[in-house]
Amino acid sequence: MAYTGNTYGDASADIYDELYDEFAPSAGQIDRLKELAGTGPAVEIGSGTGRITISLAQAGVTITAVDASKEMTSHLAKKIGDLPVTPVTADAAKYVSPAPVGLVFAVFNTFFLLAAEPTQRAFLHNAARSLTPDGTLVLETFAPRPGPQRLPDGPHPGVFPEDGTLVLKRQFADGVHLFAAERHADTQEFHYREVILVDGSPVRVLPGKMRYWMPEDIDNLVQDAGLVLKDRYADWTGTPYDCAHSPKHVSAYGLA
């Protein structure tokens, strides 16, 4: 299957909220993003159906919600009511905010999901162009250490395997949500399929692809875009990041 930036979103938009209904943003995550946004607007890249965008808008932040999937953006638009949210369907590699913003953020592995180094580099350059002089870019990704341990992504995570694996993500009363994954170490790519089996319904296969990096390698990419690391934590509550053991990182970058 040819994979593009909107492949997963278009395939999953109609059932995404059902699959991830238990994956609510933490209070710490919303508080931290609100603090970084300050009094100005923010841009979320990879907003999906609004898991973070809606909670942050409810906290009073004006947000432009950018996603490559028209289907995801359409679902978000139906949910926002009078919240200060502007849904935009756009490629992250090409999107630049019309006016400078205090915060651009890409969470829940969105940076990896851009899936190709040129796309990731273009996004970083455009994020830098979108920021106010004292603005912040926030990236949240897992730390790609392969093994049988579950990823630090919500209550029903997948696995980042040594080679390939198949695991159960979630069990429903009438079906299961499976996660089939394979790691390609030579290209630093992570290919996966979420397989939804529900009694009496057609099989659903949701394809995903990531181009992964260790946090220090992301720092090098960011530096090439004119940004520098401001701080890095292991979670949204400020736990210190341990480069040998922390399963994920939340990193904030500012203009150099």
Side-chain angles (χ1 to χ4, degrees), residues 1-13 15-16 19-20 22-23 45-46 48 51 68-69 92-93 106-124 139-172 175-198 202-222 232 234-235 239 241-251:
M1 174 181 290
Y3 186 87
T4 63
N6 62 313
T7 299
Y8 179 85
D10 286 352
S12 66
I15 58 172
Y16 187 87
L19 293 178
Y20 291 97
E22 296 181 359
F23 191 14
I45 300 295
R51 188 176 65 88
S69 167
V107 298
F108 190 31
N109 306 315
T110 291
F111 181 69
F112 288 172
L113 286 163
L114 299 179
E117 181 177 344
T119 304
Q120 292 166 330
R121 286 184 177 275
F123 156 66
L124 294 173
L139 303 179
E140 176 196 25
T141 77
F142 67 88
R145 302 185 189 91
Q149 66 275 9
R150 295 288 178 136
L151 291 168
D153 299 327
H156 307 290
V159 172
F160 182 65
E162 291 281 357
D163 296 302
T165 193
L166 174 66
V167 298
L168 174 69
K169 276 179 70 75
R170 189 176 183 184
Q171 189 166 348
F172 303 97
V176 292
H177 182 178
L178 306 177
F179 188 82
E182 55 186 24
R183 181 176 72 101
H184 299 267
D186 55 336
T187 57
Q188 290 185 212
E189 291 184 355
F190 177 35
H191 300 183
Y192 62 91
R193 300 289 186 272
E194 295 182 40
V195 182
I196 317 301
L197 305 175
V198 176
V203 175
R204 296 285 297 270
V205 179
L206 313 177
K209 179 181 177 182
M210 298 187 186
R211 174 39 161 116
Y212 63 87
W213 305 82
M214 290 301 292
E216 57 269 25
D217 295 323
I218 296 176
D219 295 345
N220 293 331
L221 297 177
V222 167
R232 169 169 292 139
D235 55 30
T239 301
Y241 177 77
D242 182 336
C243 63
H245 300 102
S246 294
K248 76 173 184 178
H249 68 103
V250 178
S251 299

**Student:** Look at the side chain of S69 and the backbone N and O of D10, then say whether any donor-acceptor pair between them is shorter than 3.5 Å.
**Tutor:** yes
**Student:** For residues V159 and A181, report the shortest heavy-atom separation together with the two atoms involved.
**Tutor:** O-CB, 3.9 Å
**Student:** Which atoms form the tightest heavy-atom contact between P152 and P247, and what is the distance?
**Tutor:** CG-O, 3.5 Å
**Student:** Going by the angle between their ring planes, with limits at 30° and 60°, are F123 and F111 parallel, tilted or perpendicular?
**Tutor:** tilted
**Student:** Going from SG on C243 to CZ on R145, what distance comes out if it is rounded to the nearest 0.5 angstrom?
**Tutor:** 7.5 Å
**Student:** Only pairs at least two apart or in different chains count here, so list each salt bridge (charged side-chain N to carboxylate O under 4.0 Å, His left out) that has a residue in residues 157-171.
**Tutor:** D21-R170, E22-R170, E162-R183
**Student:** Looking at side-chain heavy atoms only, is the closest gap between R211 and L114 below 4.5 Å?
**Tutor:** no
**Student:** In Å and rounded to the nearest 0.5 Å, what is the CG to CZ distance from L19 to R204?
**Tutor:** 8.5 Å
**Student:** Between atom CG of L139 and atom NE2 of H249, what is the distance when rounded to the nearest 0.5 Å?
**Tutor:** 7.0 Å
**Student:** Could you walk me through whether F112 and F142 pass ring-ring contact (aromatic ring centres under 6.0 Å, His included), step by step?
**Tutor:** CA-CA 9 Å; F112 288 172; F142 67 88; 5.2 Å; yes
**Student:** Within the side chain of Q171, is there an N or O that forms a donor-acceptor pair under 3.5 Å with the backbone of V176?
**Tutor:** no
**Student:** E140 side chain to V250 main-chain N or O, any donor-acceptor pair under 3.5 Å?
**Tutor:** no
**Student:** Which heavy atom of I45 sits nearest a heavy atom of T110, and at what distance?
**Tutor:** O-CG2, 3.4 Å
**Student:** Measure across P207 and T7 and return the closest heavy-atom pair with its distance rounded to 0.1 Å.
**Tutor:** CG-CG2, 3.7 Å
**Student:** Can you name the side-chain hydrogen bond (donor to acceptor under 3.5 Å, both in side chains) partners of S12, sequence neighbours left out?
**Tutor:** none
**Student:** Please round to the nearest 0.5 Å and tell me the distance separating atom CD of E182 and atom CZ of R193.
**Tutor:** 7.5 Å
**Student:** For the pair F160 and F190, name the ring-plane relationship: parallel under 30°, tilted 30 to 60°, perpendicular over 60°.
**Tutor:** perpendicular
**Student:** Can you give me the closest heavy-atom contact between A143 and S246, atom names plus distance?
**Tutor:** CB-O, 3.5 Å
**Student:** In Å and rounded to the nearest 0.5 Å, what is the OH to NZ distance from Y192 to K209?
**Tutor:** 12.0 Å
**Student:** Of all the heavy-atom pairs spanning T141 and N109, show the shortest one and how long it is.
**Tutor:** CA-OD1, 3.2 Å
**Student:** Please say which of I196, V167, V195 ends up in a side-chain contact (heavy atoms from CB on, under 4.5 Å) with L178.
**Tutor:** V195
**Student:** Check whether NZ of the Lys or CZ of the Arg R51 lies under 6.0 Å from the centre of the six-membered ring of Y20 and within 45 degrees of that ring's axis.
**Tutor:** no
**Student:** What I'd like to find out is whether the side chain of E117 reaches to under 4.5 Å of the side chain of L221, using heavy atoms alone.
**Tutor:** yes
**Student:** In the structure I gave you, are the side-chain heavy atoms of E194 and V205 within less than 4.5 Å of one another anywhere?
**Tutor:** no
**Student:** Mind checking whether F23 and P155 have side chains closer than 4.5 Å, heavy atoms only?
**Tutor:** yes
**Student:** Could you tell me if the side chain of N220 sits less than 4.5 Å from the side chain of D217, heavy atoms only?
**Tutor:** yes
